[in-house]
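Below, chains carry the letters A, B, ... as their sequence lines are ordered, and counting in each starts from 1.
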There are 2 protein chains.
Amino acid sequence: MSDGNTDVPHPDAHMVAAAVGGRLPGRVPTEEYEACPVTHVVRMLGDKWTLLVLMLLAERAHRFNELHRRVDGISQRMLTRTLRALEDDGLVARTVFPTVPPGVEYELTERGRELLVPLSALADWVVRDRAA
Amino acid sequence: MSDGNTDVPHPDAHMVAAAVGGRLPGRVPTEEYEACPVTHVVRMLGDKWTLLVLMLLAERAHRFNELHRRVDGISQRMLTRTLRALEDDGLVARTVFPTVPPGVEYELTERGRELLVPLSALADWVVRDRAA
DNA sequence: CCGAATCCCTGATGATACTG
DNA sequence: CAGTATCATCAGGGATTCGG
């Protein structure tokens, strides 16, 4: 940061600049890279079950056990953690129904559906480009 | 095309279908999800240093030590591994110059530059959407 | 200069058992 | 049904050293 220039709007200005085609500094500080929101999102998408859960929720809203059944091999623990992470990022909404027994529904938020657009474009490129 | 049967052309047909808006099976087999090329690419992008290395190479070709200097905190080992992974996926090209001492240059391949398009779109959305 | 080989450690993930 | 708690495991990543 600050190579003589005074106006740096965000701590992650460089990554942001990079994202849109700008230049990176001679040396990119670890904190800056780690703090970058783009880094955060890409890391989260790279987590073991995130992509699949997102795809299923893109289809329609699901109950917890419904997801658990559709995702072969996932543990209850990891499904909970994955959903929680998505919820914390505002991509998924959690709704509790005070029935007996209680039911919990997960669905994509508006932001989650928006994310699907560039994400689908990426997936689309991979498919077109012929399996990596 | 579809006389009621549910056969699949590729092992990863489901994920491919999902990528473009299709439906996923009632239960997604682990092998299928793990074998999916989209899963592979997203996971790779999520690796600790991949994004930053890609951004730097998007700027211009770099020598090994040049990258090592620009990426704060990366170990020689991880830089090698990251570059090798990108090379194996055909995103980065490695060129050895038989000078003394030997020099190695890394640059994006055509495929690598193509990946930057959807990837930039994703980064762009993140930035616009307001830092995650 | 570039990178392989080795050792080690922490964080991510899995298995199982237990509650509101 | 939908989690939480706990313990075990494993892979990603870092430090160091050696070789072409």
Shortest side-chain distance from Trp49(A), nucleotide among dG3(C), dG14(C), dG14(D): dG14(C)
Nucleotide dG3(D), atom C1' - distance to CE of Met78(A) in whole Å: 15 Å
Interatomic distance where CD belongs to Glu87(B) and P belongs to dA4(C) [whole Å]: 10 Å
Any donor-acceptor pair under 3.5 Å from Arg43(B) side chain to Lys48(A) backbone: yes
Option from Arg70(B), Glu107(B), Glu105(B) for which side chain to side chain donor-acceptor pair (under 3.5 Å) with His62(B) holds: Arg70(B)
Interatomic distance, Leu67(A) CG vs dC1(D) P [rounded to whole Å]: 14 Å
Euclidean distance, atom CD of residue Glu105(B) to atom C1' of dC1(C) [Å, nearest integer]: 14 Å
Which nucleotide in dC1(D), dA2(D), dA4(C) has an atom nearest any side-chain atom of Gln76(A): dA2(D)
Atom-to-atom span, CZ of Arg81(B) to C1' of dT6(C) - whole angstrom: 13 Å
Any Leu108(B) side-chain heavy atom under 4.5 Å of Leu91(B) side chain: no
Arg63(A) side-chain N/O to dA2(D) phosphate OP1/OP2 under 4.0 Å: yes
Asn65(A) CG - dG3(D) C1' separation (whole Å): 9 Å
Inter-axis angle, terminal five-pair segments of the helix from dC1(C)-dG20(D) to dG20(C)-dC1(D) [nearest 10°]: 50°
Sugar-phosphate, base or nothing in reach of Arg84(A), heavy atoms under 4.0 Å: sugar-phosphate
Touch class at under 4.0 angstrom, heavy-atom based, for Tyr106(B) against every strand present: sugar-phosphate
Phosphate contact (dG14(D) OP1 or OP2) by Lys48(B) side-chain N/O below 4.0 Å: yes
Spacing of Leu83(A) atom CG relative to dC1(D) atom P, expressed in whole Å: 16 Å
Geometric class of the Phe64(B)/Tyr106(B) ring pair [parallel <30°, tilted 30-60°, perpendicular >60°]: tilted
Separation of atom CG in Leu79(A) from atom C1' in dA15(C), rounded to whole Å: 15 Å
Whichever of Phe64(B) and Arg77(B) has its nearest DNA chain C nucleotide further upstream toward 5': Phe64(B)
Criterion side chain to side chain contact (heavy atoms under 4.5 Å, CB included) against Val126(B), the qualifying member of Leu115(A), Val42(A), Val41(A): Val41(A)
Per Val104(A) side chain, nearest of listed nucleotides dT4(D), dA2(D), dA4(C): dA2(D)
Close side-chain approach of Asp72(A) to Glu31(B), heavy-atom, < 4.5 Å: yes
Same cluster (ILVMFWY, side-chain, under 4.5 Å), Val100(A) and Val104(A): no
Sugar-phosphate, base or nothing in reach of Arg94(A), heavy atoms under 4.0 Å: sugar-phosphate
